[in-house]
Amino acid sequence: MSSSTPHSPAADKTEAPKPSNFLRQIIESDLAQGSYATRHWGGTPGDAAHHQDGAIDPSAIRTRFPPEPNGYLHIGHAKSICLNFGLARDYGGVCHMRFDDTNPEKEDQEYVDSILDAVKWLGFNWEANGTSHYYQASNYFDFMYRAAEYLIEAGHAYVDEQSAEEMRANRGDFGKPGIESPYRGRTPAENLQRFREMAQGQHADGAMVLRSKIDMAAPNINLRDPAIYRIRRATHHNTGDKWCIYPMYTFAHPIEDALENITHSICTLEFEDQRPFYDWLLDRLAEGDLINTPHPRQYEFARLNLTYVITSKRKLAQLVNEHHVSGWDDPRLPTLVGLRRRGYTPEAIQLFAERIGVSKADSWIDYSTLEGALRDTLDTVVPRAMAVLDPVKLVITNWDALYGENVLDDCSAPIHPHPHADHPEHAGRRSFKFGKAVWIERSDYEDVPPKGYNRLYPPQTSQDGTTKPGNTVRLKYGHVIRCTGAVKDAAGQLTEVHAELIPDTKSGTPGADAIKVKGVITWVAVADAVPAEVRLYDRLFTDAYPDAGGKDFLSTLNPNSLKTVTAYVEPALGTGGAIAAKADDKFQFERHGYFAADRLDCTADKLVFNRVTGLKDSWGK
Ligand code: ATP
Ligand code: MG
């Protein structure tokens, strides 16, 4: 992980998508030079001979997304997914969906299923030229074993029986070369015999390891004879008890790439120091004609760091297991299932990935960039609706005189102010009633208006005894009213706001604008409002860098990250309405922001909405 200090990112929301980046330049140059143009593809992953039997590879490039199935994907993985699948799509290639399941522990079908779901949900697939490029690294164990024996026979690997502590001590450090193991001089025949004994279960876990034989004085410590196979008696979910030795990740990963004909193996910066070993290993295997050539190349980019968010799988698991959140799909989590449940869309996440781009320098991305991408993708395509989240009753005191007590007036509003071509149904209108009593936001009334407050307040008497009338406000899509007073309960809590309707001011009627008002407020009529549960989510942590510098991230949990309220929403969102809410539908609640009908809990009988984000960026404030 990055050791750079967090800095305040430039929150440039209007920045155009980056047309190019260093990875695109590398790929374009490889395509121009035909670096991989004559390489063959055997139709499935395999060794050099297998690929030579095939035709010229029909995919111009091959990338891969290689998660370990040991957790749920998060927004950082989404960056990698959009990058790898996006590059393959843009350059006539394919991105392999590969489970890096060479570690027998901590892997689970639940994770495999959720990862596949997440990648598909984001809008990608691994089909190309009629083939599904879905692979499991554990299917390559046989080849990996063969590659290890080849290295031993060629004098490039040896079995080391030093203890783990001795090995660590003899590795040296940046200023000090390592010390060669006393077992380093064994002959290939001796090593082969020992290695076969390891594989046959004749030695205890940890008794010895197979190491590559490179250079104990190499300035890059990763080249000081790194271990490539270890003894580990564990049942693997795919290969069962066939193996009691397992390859190390640094050995397995380059081989997986090579067998799959990957061209550009894109990973995060922490693997930069591993690249010399990646190349060393594949060069040796190519010398032995074991793998197809030219072999894949590794390129590193900066991982995503997002403010207010934790992307460590271990820490996310802790939040879930200790019930700080409701589960992996808690809408406050940056997991893809969580973001999806919150109401984030694949389009928004793809736009976010495009906007943040890729670079070789670690940096922090402000959370508002993700929210901005959501707003910019939803704004043009989601219906508008009115909702009152903290309702207090407004009574029109002259209603009976003007209309008659139980009379209701018909009002309407456009479903979308500028309907999108893909959504002709948004050209219609939503209708609702106006009556003697309507729900308004509690915060839309003040006894004494703070400076600049343009919403409802009653007549004000100043110190010199002059009286200013109560404020006039438009009820959006309805009439103009003048506030006359309010009713409080014994505890001083506001229970009703009173106002008079000013005749001939109904929106859309001639002369409606004759009275100028500074405030416009949203509302729903008591007569036809529909109750809804609204989950008001806020950031999960109060600190922008919750786990930076070894901080205890639990101590920065935001106690107010979820507030559930009973709101009133307009009737068009209810059953049979013009914009009836179905699970997972998204809306813009006017003045409030973007909301999603909860995927699991919202039903026709009980509306449940999640606040995805407000209308404006409020994170920096
Ligand atoms: P672990 O610590 O368990 O290895 P991981 O986050 O590296 O966790 P993987 O399943 O190995 O998880 O990740 C799959 C791919 O996603 C890798 O190629 C990895 O580089 C990439 N990835 C993971 N986190 C991020 C991130 N924050 N930004 C960009 N890419 C990421
Ligand atoms: Mg990893």
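Reckoned from all heavy atoms, side chains included, excluding hydrogens, waters and symmetry mates. All values derive from a computational prediction rather than experimental measurement. In each ligand, atom 1 is the first atom listed, and ligand 1 is the first ligand listed. Position 1 is the first residue of the sequence; numbering continues from there.
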Could you tell me whether Trp364 and Tyr545 have their ring centroids closer than 6.0 angstrom?
yes

Heavy atoms only: which of Ala78, Ala353, Pro66, Ser312 lies closest to atom 18 (O) of ligand 1?
Pro66

Begin from the C-alpha positions of Thr542 and Asn558 and carry the test side-chain hydrogen bond (donor to acceptor under 3.5 Å, both in side chains) through to its verdict.
CA-CA 5 Å; Thr542 53; Asn558 175 7; over 6 Å; no

Does at least one non-hydrogen atom of Phe65 fall below 4.0 angstrom from an atom of ligand 1?
yes

If you compare Gly76, Ser80, Pro67 by their heavy atoms, the one closest to atom 29 (C) of ligand 1 turns out to be Gly76

Phe251 pairs by ring pair (Phe, Tyr, Trp, His ring centres under 6.0 Å) with which of Trp280, Tyr278, Tyr229?
Tyr229

Run the numbers for me: atoms of ligand 1, each under 4.0 Å from some heavy atom of Leu304, listed by number.
26 (C), 27 (N), 28 (N), 29 (C)

Nearest option to atom 9 (P) of ligand 1, as decided by whichever heavy atom of Lys313, Glu300, Arg314 sits closest
Lys313

Given Arg98, Arg303, His77, His74, which one has a non-hydrogen atom that is nearest to atom 22 (N) of ligand 1?
His77

Measure from the ring center of His236 to the ring center of Phe141 and say whether it is less than 6.0 Å.
yes

Less than 6.0 angstrom separating the ring centers of Phe195 and Tyr145, yes or no?
yes

Is there a polar contact between ligand 1 and Thr311, counting only N or O atoms under 3.5 Å apart?
no

Is the centre of the His51 ring less than 6.0 Å from the centre of the Trp41 ring?
yes

One residue to check: Asp100. Relative to ligand 1, which of side chain, backbone, both or neither has a non-hydrogen atom less than 4.0 Å away?
neither

